[in-house]
Every structure is written in C-alpha cells, then in structure tokens.
Amino acid sequence: MRKILFASSEVHPLVKTGGLADVSGSLPIALREQGEDVRIIMPAYRQCLSALKDLKTIATFKFDGYYMPIDILQTTLPGTDVILWLVHSPHHFDRDGGPYGKPTGGDWEDNAARFSLFSRAIAALAMDEANQGWKPDLLHCNDWQTGLAPALLSDQEDRPATIFTIHNLAYQGLYPREVFDALDLPVSLWHPEGIEFYDLMSFMKGGLIYADHITTVSPTYAEEICTYEFGYGLEGLLTKRAKETRLTGILNGIDNDEWDPSHDPHLAKSFSVKTIRNKLANKTALQQQFGLPDKEDVLLMGLVSRLVSQKGIDLTLTAVTNLLQEGANVQLVCLGSGEPSYEQDLRVLRARFPDKVALHIGYSEAIAHQIEAGSDVFLMPSRFEPCGLNQLYSLRYGTLPIVRNTGGLADSIVDASDENRQQGTATGFKFELSTALALQQTIQDAIDLFERPRIWRKLVVTAMESDFSWQKSAEKYIELYEQL
Ligand code: ADP
Ligand code: GLC
C-alpha cells in the first residue's frame with residue numbers, strides 16, 4: 001500500500017468553483033478503492049469549518065514570512081473514511097466569499113500569501129514534520145495553488161516523489177518580484193529555470209519545473225499545451241518535459257454515484273437506458289420550472305458553465321441568436337456565473353426571446369443536475385478544454401454533447417458522422433473551428449437528426465452506455481505512482 005498525499009485548493013462537496021473540486025472529491029476515493037492509502041490536504045475555508053465536525057488539531061507550525069502560527073486540523077472527507085487535513089489560518093482562509101475571490105467579485109489581494117502558506121503546509125506534512133508517523137511516498141499536487149510545494153521540497157533529502165497535475169494552464173498564479181520577496185521564499189528559486197517567468201513569480205512553474213512528473217487531464221490537452229496556441233509561453237518547457245517522458249495526459253473520470261440518472265434526488269423522474277422514455281418527464285419539468293413552453297418536439301439545449309472566454313460563451317450567444325432569428329425550433333436553458341459582460345449578454349438574449357431562452361445566473365448543484373437530465377443536447381463550444389466534466393455527465397444522462405474538437409472534449413466525444421453512426425459509436429456532435437458559424441451549423445445538424453427519433457434514440461443509448469467511471473483513469477495514475 002502506497003501512501004499518497006493529495007493536495008488541492010478545492011474539494012467537492014466542501015468547496016467548489018469548477019471541475020478541480022469534482023476531481024479532488026472523487027479521484028482520491030477511487031485510488032483508495034484500489035488499495036492506496038490516500039490523505040487529502042486543503043485550506044480550512046470558512047465553508048469547511050462550518051460543514052465539518054470533530055476537527056482535531058494535530059500540529060501547529062510557524063512558517064518563515066508569516067507572523068502568526070497556523071494549525072493543521074484533521075477530520076475525514078464527508079461520507080468517506082479518507083483522512084482530510086485542513087490548513088487552518090483564520091486570517092487567510094476563514095472569511096466570506098470564494099476560495100480565490102471576494103463575495104463582490106475580483107480576486108483576493110493576498111492570494112499569493114494564502115497559497116504560498118498552503119504550499120508551505122503541504123511541504124511540511126509531506127515531510128511528516130507534524131510527526132504523525134505517516135510520511136507519504138508520493139505527493140500529488142493540483143494546479144498553481146499547490147505549485148510551490150514541489151519547489152520547496154526539491155532540495156530536501158528523503159522527500160516523497162512529486163506529481164503535479166495541470167487542470168488548467170490558463171491560471172498560473174503570476175505575481176511581481178516584490179511579492180516573492182515579501183513571502184520570504186528561498187532566493188535560490190528565483191531564476192529562469194526556477195519559478196521566475198519573465199520577471200514575474202510563477203506558482204505554476206514551481207510545479208512544472210520541480211515536480212518529478214507532470215500530468216494533465218486529457219491526452220489531447222497534453223499535446224496542445226506544447227504548442228504556441230495553448231502554451232502561454234510555457235510550451236518550450238512543457239515540450240522539453242514531454243521529451244523526457246515526464247508529461248502524461250490522463251483523462252478524468254466521473255463519480256458515477258453522484259451523477260446517476262437512475263438515483264438522482266434532484267430529478268423529476270429517474271431514468272436509465274431501460275427507461276429512457278422517463279427522460280422526457282425531466283424535459284417537461286425543466287421547461288415548466290423555467291417558464292418555457294413545454295413542447296416535446298423542440299430541441300432543448302442545456303448550458304452549465306463558468307461564464308468565461310475559455311467556454312466560448314460568445315460563440316453560443318451569436319449562434320443561438322442567429323438560429324432563433326431564423327425561427328429554429330430550439331430552446332436554451334442556461335445556468336452559470338462569471339464575467340459580468342457575459343451575464344448581461346445572456347440577460348439581453350433572454351429578453352429578446354423570452355419563450356425560447358431561460359437563464360439562471362448563479363450557482364446551483366440541483367439545477368445543474370436538472371439541466372443535464374432535461375436537455376436534449378448540451379453546449380460546450382470551448383476554445384480550449386483541459387478535460388471538461390459536463391460533457392461526461394451529459395453522456396450519462398443521455399444528453400448529447402455539442403463540443404468543439406479540443407482537449408478532453410476531443411478525447412471523450414465521438415461525432416455523429418455517417419460513418420460513426422453506422423458503426424454505432426457516435427455519442428455527440430463535434431466541430432473544429434472556434435467560430436459562431438461552425439457552432440451554428442453543428443446545432444443545425446443536431447436539429448436535423450433530432451427530427452429522426454430512431455437515429456436519435458440510438459445516439460442516446462450509445463452515449464448512456466459509454467463508461468467514464470474513475471476506475472480506468474485511477475489505474476493509470478497508479479501505474480504512474482508505481483514508476484515514480
Ligand atoms: P471547469 O472546471 O473548467 O469549470 P468542468 O466541466 O471540468 O469545467 O467542470 C465544471 C463543474 O462545475 C461541473 O461539475 C459543473 O456542473 C459545475 N458548474 C459550473 N458552473 C456551475 C453553476 N453555475 N452551477 C452549478 N454547477 C456548476
Ligand atoms: C479545469 C478545466 C476543466 C477540467 C477541470 C478538472 O477546471 O478547465 O477542463 O475538467 O479542471 O480537471
């Protein structure tokens with residue numbers, strides 16, 4: 001049994017802004033089921049402190065660069081016996097708002113101090129400085145918020161092997177030199193082959209340079225980040241690490257219990273491949289809930305997303321406007337929050353087509369499940385998508401994803417081309433170019449096929465039967481742990 005410390009800045013069901021939380025709340029459990037001894041470490045946000053009981057203080061640390069000591073609290077992840085360590089620094093984490101941003105919007109000004117502190121705590125626990133008699137063989141870090149941990153460990157003797165998983169290269173944790181100095185980090189880290197990135201400090205580079213191995217969340221994204229278009233200037237470094245065989249793409253899995261249309265408390269009616277007809281009750285319920293005409297023959301399109309440029313929201317806005325102006329028989333139900341300009345554009349779209357477009361600006365687990373269940377197709381026209389989880393949830397709920405052919409979308413969806421349909425492998429609709437026209441044409445293809453119920457039903461069955469449970473992906477991580 002290997003000991004693995006899994007570090008993440010968000011973990012479902014405690015704190016979530018996106019797919020990282022889903023992965024951090026389910027991969028450790030899958031690893032655990034395959035016999036690994038896994039513990040999770042995350043910051044003790046206010047949401048964690050109020051949701052969790054029986055918190056036991058197991059250690060206190062005072063780190064360089066910080067005035068106040070911090071505690072490490074121990075409990076278990078709700079509903080599991082996986083040990084969870086919380087980095088408790090009230091000044092940094094016990095506040096209203098999100099893990100990265102203020103309740104009123106915008107990032108916290110002290111994010112560098114918050115996640116540098118988190119990384120210092122991860123490194124300390126990875127060396128068992130808390131004297132728990134549990135020193136991991138492997139430290140598995142995720143995204144920039146944990147990036148300094150591999151860097152801080154790099155010169156330690158007897159350190160665990162380190163893996164750094166990139167969930168999204170677009171967020172790197174870049175700060176000016178003054179911030180680096182204020183954090184009292186080892187000066188030896190400041191050079192171009194260290195965490196310096198064109199005169200800025202890069203948390204992400206801490207992981208990319210110093211981890212023994214880098215993974216990212218799909219094979220296609222692993223290739224894409226080695227190119228100028230997707231590499232943000234890090235493509236040279238990533239190509240080098242790929243050549244050293246130190247960069248691997250492993251597709252995310254999903255939690256099949258949490259996302260199960262036959263046992264989902266949020267749904268109007270349960271359904272499975274054997275009772276697909278019951279999916280319709282969810283479509284009707286969704287239309288009624290959102291005040292749309294409850295018609296069966298209209299193609300209901302779902303969208304659940306952070307409203308940011310990555311997700312191609314502007315493409316959706318243009319494509320849907322054009323289709324509705326042409327009188328297409330479609331409806332759109334949209335759940336999301338993010339950039340105010342996208343929120344506003346969506347409100348305007350709804351005002352223009354009130355019986356076609358419905359909108360909930362905000363965050364709601366229940367509505368996310370209801371949209372997955374009630375829609376006919378799910379829109380993910382992402383400019384880039386490291387993995388994407390919603391298209392996997394969609395497959396399981398018999399909702400055909402309409403996706404751009406990038407990253408994990410490319411790796412998980414089989415286009416409904418004539419050939420793929422004949423072979424019985426098609427599960428959704430794919431397009432290449434990041435343009436509204438390409439999306440619009442693909443939605444039109446879906447409308448056309450939707451008018452052929454037998455063909456549509458076959459696609460839905462194939463989608464629902466595809467398997468993206470964690471088991472296969474967890475095995476790939478375990479193989480990698482083995483090598484390291
Ligand atoms: P990303 O992590 O880039 O946002 P993913 O597709 O990997 O994209 O994961 C997004 C996760 O966040 C999914 O579980 C999705 O259901 C959820 N999600 C996104 N926006 C909302 C929202 N407004 N309300 C509820 N869940 C949301
Ligand atoms: C990121 C990516 C998303 C991925 C998720 C979990 O948020 O944007 O594509 O699914 O991480 O790995």
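One-based numbering, in listed order, for ligands and for the atoms of each. Residue indices begin at 1 and follow the sequence shown.
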Check your understanding: How many angstroms lie between SG in C334 and NE2 in H360, if you round to the nearest 0.5 Å?
Key -> 10.5 Å

Practice item. Could you tell me whether ligand 1 has any atom less than 4.0 Å away from a heavy atom of Q391? Key: no

Check your understanding: Looking at atom 12 (O) of ligand 1, what's its closest protein heavy atom, distance included?
Key -> K16 CE, 3.5 Å

Study note, to complete from the structure: Under 4.0 Å from one or more heavy atoms of V217, ligand 2 contributes atoms 12 (O)

Point to revise | Flag side-chain contact, heavy atom, 4.5 Å: I163 against L138 | key: yes

Check your understanding: Numbering the atoms of ligand 2 from 1, which are under 4.0 Å from a heavy atom of G388?
Key -> 3 (C), 4 (C), 9 (O), 10 (O)

Check your understanding: At under 4.0 Å between heavy atoms, which part of N168 makes contact with ligand 2: side chain, backbone, both or neither?
Key -> side chain

Check your understanding: Do any N or O atoms from the side chain of S116 and from the backbone of A113 form a donor-acceptor pair under 3.5 angstrom?
Key -> no

Practice item. Report yes if T17 has an N/O atom closer than 3.5 Å to an N/O atom of ligand 1; otherwise report no. Key: no

**Study point:** D411/L251 under side-chain contact (heavy atoms from CB on, under 4.5 Å): CA gap, chis, key distance, verdict
**Key:** CA-CA 8 Å; D411 293 337; L251 197 72; 4.0 Å; yes

Practice item. Would you mind finding which of L335, V308, V304, V23 brings a heavy atom closest to atom 19 (C) of ligand 1? Key: V304

Review point. In this structure, which one of K311, R306, R404, K430 forms a salt bridge (Lys or Arg N to Asp or Glu O under 4.0 Å) with E385?
Key: K311

Check your understanding: Is it true that H12 lies under 4.0 Å from ligand 1, counting heavy atoms only?
Key -> no

Review point. How about F164 and H140: are their ring centres within less than 6.0 Å of each other?
Key: no

Study note, to complete from the structure: The protein heavy atom nearest to atom 16 (O) of ligand 1 is N390 OD1, 3.1 Å

Point to revise | Full working for ring pair (Phe, Tyr, Trp, His ring centres under 6.0 Å) between F203 and Y175 | key: CA-CA 9 Å; F203 275 67; Y175 297 95; 5.7 Å; yes

Review point. Do R306 and ligand 1 have an N or O pair less than 3.5 Å apart?
Key: yes

Check your understanding: Does S364, backbone or side chain, put an N or O under 3.5 Å from an N or O of ligand 1?
Key -> yes

Check your understanding: Any idea which atoms of ligand 1 are less than 4.0 Å away from a heavy-atom of G388?
Key -> 6 (O), 7 (O)

Exercise for review: Assess S305 for proximity to ligand 1: is some non-hydrogen atom of it under 4.0 Å away?
Suggested key: yes

Check your understanding: Do other residues, nucleotides or ligands put more than 12 heavy atoms under 6.0 Å from K240 NZ?
Key -> no

Exercise for review: Taking the six-membered ring for Trp and the full ring for Phe, Tyr or His, determine whether the centres of W144 and F115 are under 6.0 Å apart.
Suggested key: yes

Review point. Which protein heavy atom lies closest to atom 26 (N) of ligand 1, and at what distance to 0.1 Å?
Key: Y363 CE1, 3.3 Å

Point to revise | Any donor-acceptor N/O pair, S218 side chain to Y221 backbone, under 3.5 Å | key: yes

Study note, to complete from the structure: Ranking Q310, R306, E10, H167 by closest non-hydrogen atom to atom 12 (O) of ligand 2, top hit is H167

Review point. Can you name the closest pair of heavy atoms from L292 and V357 and give their distance?
Key: CD2-N, 3.9 Å

Point to revise | Atom NE2 of H266: over 12 foreign heavy atoms under 6.0 Å | key: yes

Exercise for review: Among all protein heavy atoms, pick out the one at the shortest distance from atom 5 (P) of ligand 1; state its residue, atom name and that distance to 0.1 Å.
Suggested key: L389 N, 3.6 Å

Check your understanding: Would E372 and S394 count as a side chain to side chain donor-acceptor pair (under 3.5 Å) if you check the C-alpha gap in whole Å, the side-chain angles of each, and the deciding distance to 0.1 Å?
Key -> CA-CA 6 Å; E372 289 290 7; S394 300; 2.7 Å; yes

Review point. Is there at least one pair of N or O atoms, one from E365 and one from ligand 1, spaced under 3.5 Å apart?
Key: no

Study note, to complete from the structure: For N252, the atoms of ligand 2 under 4.0 Å from one of its heavy atoms are 6 (C), 10 (O), 12 (O)

Practice item. Just need the protein heavy atom nearest to atom 23 (N) of ligand 1, so name the residue and atom and give the distance. Key: G362 O, 2.8 Å

Practice item. For atom 3 (C) of ligand 2, grab the closest protein heavy atom and report residue, atom and distance to one decimal in Å. Key: E385 OE2, 3.4 Å

Review point. Which of the atoms of ligand 1 are close to G336, meaning less than 4.0 Å from one of its heavy atoms?
Key: 23 (N)

Practice item. For ligand 1, note which part of D22 has a heavy atom under 4.0 Å away: side chain, backbone, both or neither. Key: side chain

Practice item. Starting from atom 2 (O) of ligand 1, find the nearest protein heavy-atom neighbour and note its residue, name and distance. Key: G19 N, 2.6 Å

Check your understanding: Which pair of heavy atoms, one from G97 and one from Q47, lies closest together, and at what distance?
Key -> O-NE2, 3.2 Å

Review point. Could a heavy atom of P386 be found less than 4.0 Å from some atom of ligand 1?
Key: no

Study note, to complete from the structure: min-distance protein heavy atom vs atom 1 (P) of ligand 1 -> K311 NZ, 3.4 Å

Point to revise | ligand 2 atoms in contact with G19 (distance to a heavy atom under 4.0 Å) | key: 5 (C), 6 (C)

Practice item. Could you walk me through whether H369 and W259 pass ring pair (Phe, Tyr, Trp, His ring centres under 6.0 Å), step by step? Key: CA-CA 8 Å; H369 284 246; W259 294 91; 3.7 Å; yes

